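See structure below.
Being a predicted model, the structure only gives us computed values, none of them experimental. Residue numbers run from 1 in the order of the sequence given.
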Amino acid sequence: MTAFKGTFPTVTFTELTDKNAVLTKQYGIFMGCFKKKPPGIMSDGFAKQVTMQLDQVIPYFASLSEHQAICHGLTENPLAMITVKSRETKDRIARTKDNFIFRSGEPSLVLLDVDADDSYGSTKINSPTNLVDIVETILPSISNAAYMAMASASSGIMSTDTDELLTSNCGFHIYFVAQDSSDIPRFIETLFKKLVLEGFGHIKVSRSGSQLLRTVIDGAIKSPERLDYVAPAVISDGLSRQTIDPTLRPGGMLDTVVLKNLTPEEERSYADLVKQIKSDTKEKAATFRNQYVEIKSIELGISKKRLMQVLESADRSVLE
């Protein structure tokens, strides 16, 4: 582990434990094929607030079991029993935005999540330092903020028989401590847009032909109740894991408020730029969409016309 002497801010977040569900990534070999199984859904467990310095987070994450994860928001009480929304009582709460919040004026973990992406136009990020250097061009004050970086749970899965890398080893998480947690959603959204404006935006075409706007960080990681899968991945026999070493940099908290919202002119430029980069992948998206509809209409017994309407609604963020 690369580390530097210095001070690190203290932060409080929520540890989640489920009695049955596996709350981390799972990988295995089944009938000779490499398979990924998504984490389970938390439905019966508890939430406990934990407080530590940022440099203590690395060994803490490594100590978590497969039935544990964290979220960055906090519940009203330091210890709370967790259930699903339909079974909430006065003693048991659901993992929703109503119950997990970013408290105004209080610090919280803020995550810059980097996923490996080989889509056309994507920017390859080689290291946590590489990403921080990019963000520093937009937010110079980040150079004074402490951070902890580690490989994501899905990174670096290998075959022990062939030494073949089965998942990219380029995915990692960078954690800062935001000075005011209530500003995190705005900060991540604004940073995402400014990165796109700086030329780091691209379109990832999904299997269903959706044009997904991406940049060097995941813009969806900004909600207080969202699970952060930090426990070591569960891997079966025949697999091993090789990842980058965790990295620490001392410093202070990150003042996210310093990053100002886009001006009206910047918002117009952003909209125009998104329209332009989507036009570059329009034909590819149409081909993927038609192929997907051909296959799924047969599998689901839905007409091609109806399935196309559903997918187009989903592209407008309207779920039928």
Are [X] and [Y] close enough that some pair of their side-chain heavy atoms sits under 4.5 Å apart?
X	Y	result
Val114	Leu112	no
Lys25	Pro39	yes
Glu294	Lys304	yes
Ile174	Ile217	no
Glu88	Lys85	yes
Leu131	Tyr147	no

Distance-only donor-acceptor check, side chains [X] and [Y], under 3.5 Å:
X	Y	answer
Thr129	Ser127	no
Asn99	Thr75	no
Ser210	Arg289	yes
Glu164	Ser159	no

Residue pair [X] / [Y]: nearest heavy atoms and the distance that separates them:
X	Y	result
Pro232	Ala62	CG-O, 4.0 Å
Lys222	Pro185	O-CG, 3.4 Å
His72	Ser108	O-OG, 3.2 Å

Quick one: pull up CG in Asp255 and CZ in Phe176 and give me the separation to the nearest 0.5 Å.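 One gets 13.5 Å once the value is rounded to the nearest 0.5 Å.
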
Is it true that [X] and [Y] make a salt bridge, defined as a side-chain N closer than 4.0 Å to a carboxylate O?
X	Y	result
Asp44	Arg92	yes
Glu189	Lys193	yes
Glu225	Arg95	no

Report the relative orientation of the aromatic rings in Phe61 and Tyr175; use parallel for angles under 30°, tilted for 30 to 60°, perpendicular for over 60°.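 If you compare the ring of Phe61 with that of Tyr175, the planes turn out perpendicular.
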
Would you indicate whether [X], at its atom [atom1], is surrounded by more than 12 heavy atoms from other residues, nucleotides or ligands within a distance under 6.0 Å?
X	atom1	value
Arg186	CZ	yes
Asp237	CG	no
Glu76	CD	no
Ile41	CD1	no
Gln242	CD	no

